[in-house]
Every structure is written in C-alpha cells, then in structure tokens.
Amino acid sequence: MRINFVIITPLLSLLAILGLFGCDNAVNTDTICKNNPELCDDLHRDSWCRYEKSDLIQKRYAIKNTAAPSGKQIYQLLINLENYNKCIELAAGVQHILHPERTNDRVRAFGISAQDLAELRDSTKNSTDLYLSFYHWIRLGDQQAQARVIKMERASEVKDPLILAHLASYYQKTDLNKAKSLYLALLDVATGEEFDPNWLLGLASIYREENNLEKTYLFSKANVLMTSNTASADKMSALVNGDTKLEALLTEQAETLVNHLNKGDYTSSEIRQQLNRAN
C-alpha cells in the first residue's frame with residue numbers, strides 16, 4: 001500500500017465503525033480487509049504483532065472515509081504506523097524453520113512500513129498543525145517544529161493534556177514558574193483517563209527547587225496515594241522538620257486532592273482554591 005492511499009477521518013466516524021462491526025478486533029479487521037484489501041495487502045499475514053496490526057488497520061479504515069483529515073488523526077496514524085514498524089522489525093528477525101515464507105513476508109512488511117513511515121513523516125515535516133508539529137518535535141527532535149508548538153502555547157492554542165505535559169517538562173529546565181502553571185493547568189483540564197500521577201512529581205520537584213517544602217510534601221504524598229510508588233517516611237518527615245501536626249494536615253490535603261482528581265471534580269473543589277491561592 002502506498003502512502004497516498006492513506007487519507008484520514010474523525011473520531012466519531014471511527015467510533016461508528018467500531019460499533020458497526022462489534023467489539024472483536026479480529027472480526028473487525030477481517031471484515032475491513034475483506035472489503036478494503038488495499039488497506040491490508042502491504043501488512044504481514046501471520047499472528048505476530050496482532051495488536052499493532054489491528055490498530056493500524058482500524059486507523060487506516062477510519063482515515064479512508066474522510067476527505068479532510070485533521071492533524072490529530074494524521075498524528076495518531078503516524079504513531080500507529082510507527083508502533084507497527086517497530087514490532088514487525090523484531091518479528092522479521094525471527095526465522096521460521098518450517099515456513100520460511102512467513103519470515104520473508106514479515107521482512108517484506110517491515111520494508112514497506114518503513115518506507116511508508118518515512119514518506120508520511122516527510123510529507124508532514126513542515127506542517128503548521130499543532131499535532132504534527134508536536135510529533136516532529138517529540139519523536140524526531142525537530143527544532144522548528146518545537147518552536148511552532150511553543151508559539152501556539154503562548155497564543156493559548158494548546159489544550160491537549162499530552163502536549164501541555166511535554167511543554168511543562170520542557171519548561172521545567174528553563175522556567176519554573178511557567179512549568180508550574182502548566183502542571184497546575186493540567187490538574188484542571190485532564191480527565192481521569194488522561195491524568196498522569198507523574199505530573200504531581202513534576203510539581204513536587206518544582207516546589208523543591210523553590211524551597212517550598214510543604215508543597216513538596218503535599219504533591220509527593222499525592223503521587224504515592226495515586227500509585228504504587230513508595231517514599232521514605234523519614235525523608236518525607238524531614239521535609240517539614242518532623243512536625244507531625246503539619247504532616248497530618250498535608251496528608252489530609254493530599255488525600256483530598258487525590259479524591260477530587262479521581263472523581264473528576266477538581267476544578268470546582270475547595271482544595272483547588274487553596275492550592276491556587278497559595279501558589
């Protein structure tokens with residue numbers, strides 16, 4: 001399959017497609033490939049890389065049904081194609097003794113997917129779209145793409161939590177106040193599914209740099225409560241000079257913060273107002 005075959009569709013269309021064919025990805029992709037062989041003929045045929053292959057087929061099928069693909073959809077296609085290419089590269093190195101043609105088929109699929117990925121990357125390299133600029137910055141280290149993303153964030157055009165999180169991490173090296181504001185914004189905009197507890201560690205690290213040890217304690221404790229991470233009780237206590245009453249208060253605040261983040265009502269919570277007032 002050539003890259004010009006790969007054109008893109010909205011998420012709602014994809015959801016409709018998935019609903020039409022049911023929940024079984026194997027059935028979905030079999031049906032898609034039967035009715036749209038051009039979407040699958042360049043892929044390998046055996047069971048290796050099953051999930052990566054299925055995701056790529058689903059994305060290609062969704063893409064085929066729209067004449068005006070969004071940058072976010074092309075970004076998602078790039079990720080799916082990249083994941084498939086990495087997986088099939090490993091599979092291509094596994095020699096099948098009884099059926100060497102299967103190995104050859106994987107090698108063929110790897111070569112084509114590598115070429116398709118290179119072509120799609122090249123065709124989107126200079127795009128001014130946010131998601132495509134983000135891809136070229138994060139995945140390929142493109143400095144011009146990075147500058148475009150930063151410019152869009154400064155113009156308040158970036159709302160996606162994933163991109164905001166990468167920007168927060170970027171600014172953490174050069175501008176602590178900017179990084180802090182972005183991490184705090186993430187607490188507001190991310191859904192429960194999108195929320196990454198590592199953002200709490202980002203905030204804890206920033207407050208540690210600012211010598212705000214109470215906030216360091218609070219956000220570190222919140223991260224521990226949301227994950228399987230552990231923290232030394234002695235080191236945590238040392239942050240507040242062993243003040244047990246303060247520890248209890250900060251632990252209570254961390255529990256309240258985590259509760260609201262999990263429930264998805266942080267933006268209207270009293271703890272948000274407290275944290276922002278004390279910022």
Side-chain angles (χ1 to χ4, degrees), residues 8-25 28-29 50-59 61-63 69-84 87 129-135 137-139 149 152-153 156-170 172 179-205 218-229 253-272 275-276:
I8 306 209
T9 86
L11 179 60
L12 289 178
S13 298
L14 177 57
L15 293 175
I17 290 162
L18 295 177
L20 177 63
F21 288 108
C23 299
D24 186 342
N25 278 344
N28 290 345
T29 54
R50 179 180 304 168
Y51 298 110
E52 292 81 2
K53 179 181 177 182
S54 176
D55 289 344
L56 180 56
I57 291 170
Q58 295 284 358
K59 181 55 64 180
Y61 181 59
I63 283 167
S70 71
K72 184 174 183 179
Q73 291 160 329
I74 301 174
Y75 164 80
Q76 291 168 337
L77 176 65
L78 278 160
I79 298 297
N80 287 138
L81 185 54
E82 189 178 285
N83 290 341
Y84 174 80
C87 183
D129 177 83
L130 170 62
Y131 286 92
L132 296 177
S133 296
F134 177 66
Y135 177 87
W137 168 28
I138 296 300
R139 311 297 272 211
V149 174
M152 283 183 268
E153 188 281 323
S156 301
E157 296 173 7
V158 180
K159 307 298 181 184
D160 188 292
L162 175 64
I163 302 177
L164 288 173
H166 276 277
L167 284 163
S169 178
Y170 166 76
Q172 200 166 341
K180 181 167 57 178
S181 69
L182 287 171
Y183 277 126
L184 289 171
L186 281 166
L187 303 188
D188 284 333
V189 302
T191 65
E193 294 76 18
E194 293 169 333
F195 190 82
D196 185 346
N198 285 326
W199 300 340
L200 299 171
L201 290 182
L203 280 166
S205 176
L218 190 157
F219 285 106
S220 297
K221 188 67 174 182
N223 173 267
V224 168
L225 293 171
M226 291 192 81
T227 66
S228 58
N229 293 338
Q253 289 180 335
E255 290 170 347
T256 301
L257 170 61
V258 168
N259 181 50
H260 285 293
L261 289 173
N262 285 334
K263 290 197 315 186
D265 63 356
Y266 170 77
T267 55
S268 60
S269 69
E270 175 63 26
I271 189 66
R272 179 188 183 277
L275 292 176
N276 285 6

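The shortest distance between side-chain heavy atoms of Tyr75 and Ser133 does not fall below 4.5 Å. Contact check for Leu78 versus Leu132: side-chain heavy atoms found under the 4.5 Å cut-off. Contact annotation: the side chain of Leu218 approaches that of Leu275 to within less than 4.5 Å [non-hydrogen atoms, C-beta and beyond]. Proximity of Asp188 to Arg272: side-chain heavy atoms (C-beta onward) are separated by under 4.5 Å at one or more points.
The minimum heavy-atom distance between Leu200 and Met226, with the atom names listed, is CD1-SD, 3.6 Å. Between Leu130 and Met152, the shortest heavy-atom contact is CA-CE, 3.6 Å. Scanning all heavy atoms of the two residues, the minimum distance from Ser54 to Thr29 falls at OG-CG2, 3.4 Å. Listed here is the closest heavy atom pair of Leu187 and Phe195: CD2-CE1, 3.3 Å. Considering all non-hydrogen atoms of both residues, Gln172 and Gly202 come closest at NE2-O, 3.6 Å.
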Side-chain donor-acceptor distances from residues 255-263 under 3.5 Å, at least two apart:
| from | atom 1 | to | atom 2 | distance (Å) |
| --- | --- | --- | --- | --- |
| Thr256 | OG1 | Glu252 | O | 2.9 |
| His260 | ND1 | Asp265 | OD1 | 2.8 |
| Asn262 | ND2 | Val258 | O | 3.3 |

Only pairs under 3.5 Å count here: list side-chain donor-acceptor contacts from residues 160-168, not counting sequence neighbours, and write none if there are none.
| from | atom 1 | to | atom 2 | distance (Å) |
| --- | --- | --- | --- | --- |
| Asp160 | OD1 | Leu162 | N | 2.8 |
| Asp160 | OD2 | Tyr131 | OH | 2.9 |

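Rounded to the nearest 0.5 angstrom, Lys59 NZ and Leu81 CG are separated by 12.5 Å. To the nearest 0.5 Å, atoms NZ (Lys53) and CD (Gln58) are separated by 12.5 Å. Distance check: Leu56 CG to Tyr84 OH gives 7.5 Å after rounding to the nearest 0.5 Å. Leu203 contributes atom CG, which lies 10.0 Å from atom OG of Ser220 (distance to the nearest 0.5 angstrom). Remark: Asn80 CG to Tyr51 OH distance equals 15.5 Å, nearest 0.5 Å. Taken to the nearest 0.5 Å, the CG atom of Asp129 stands 7.5 Å off from the OG atom of Ser70.
The main-chain N or O of Pro197 is found under 3.5 Å from a side-chain atom of Asn223 such that the two form a donor-acceptor pair. With hydrogens and angles disregarded, a donor-acceptor distance shorter than 3.5 Å links the side chain of Ser269 to the backbone of Tyr266.
For the residue pair Asp55 and Asn83, no side-chain donor N or O sits within less than 3.5 Å of a side-chain acceptor on the partner. Residues Tyr135 and Glu82 have side chains that bring a donor and an acceptor to within less than 3.5 angstrom of each other.
With sequence neighbours left out, Glu193 forms a side chain to side chain donor-acceptor pair (under 3.5 Å) with Thr191.
Taking a 6.0 Å sphere around CZ of Arg50, one finds it holds 12 or fewer heavy atoms contributed by other residues, nucleotides or ligands.
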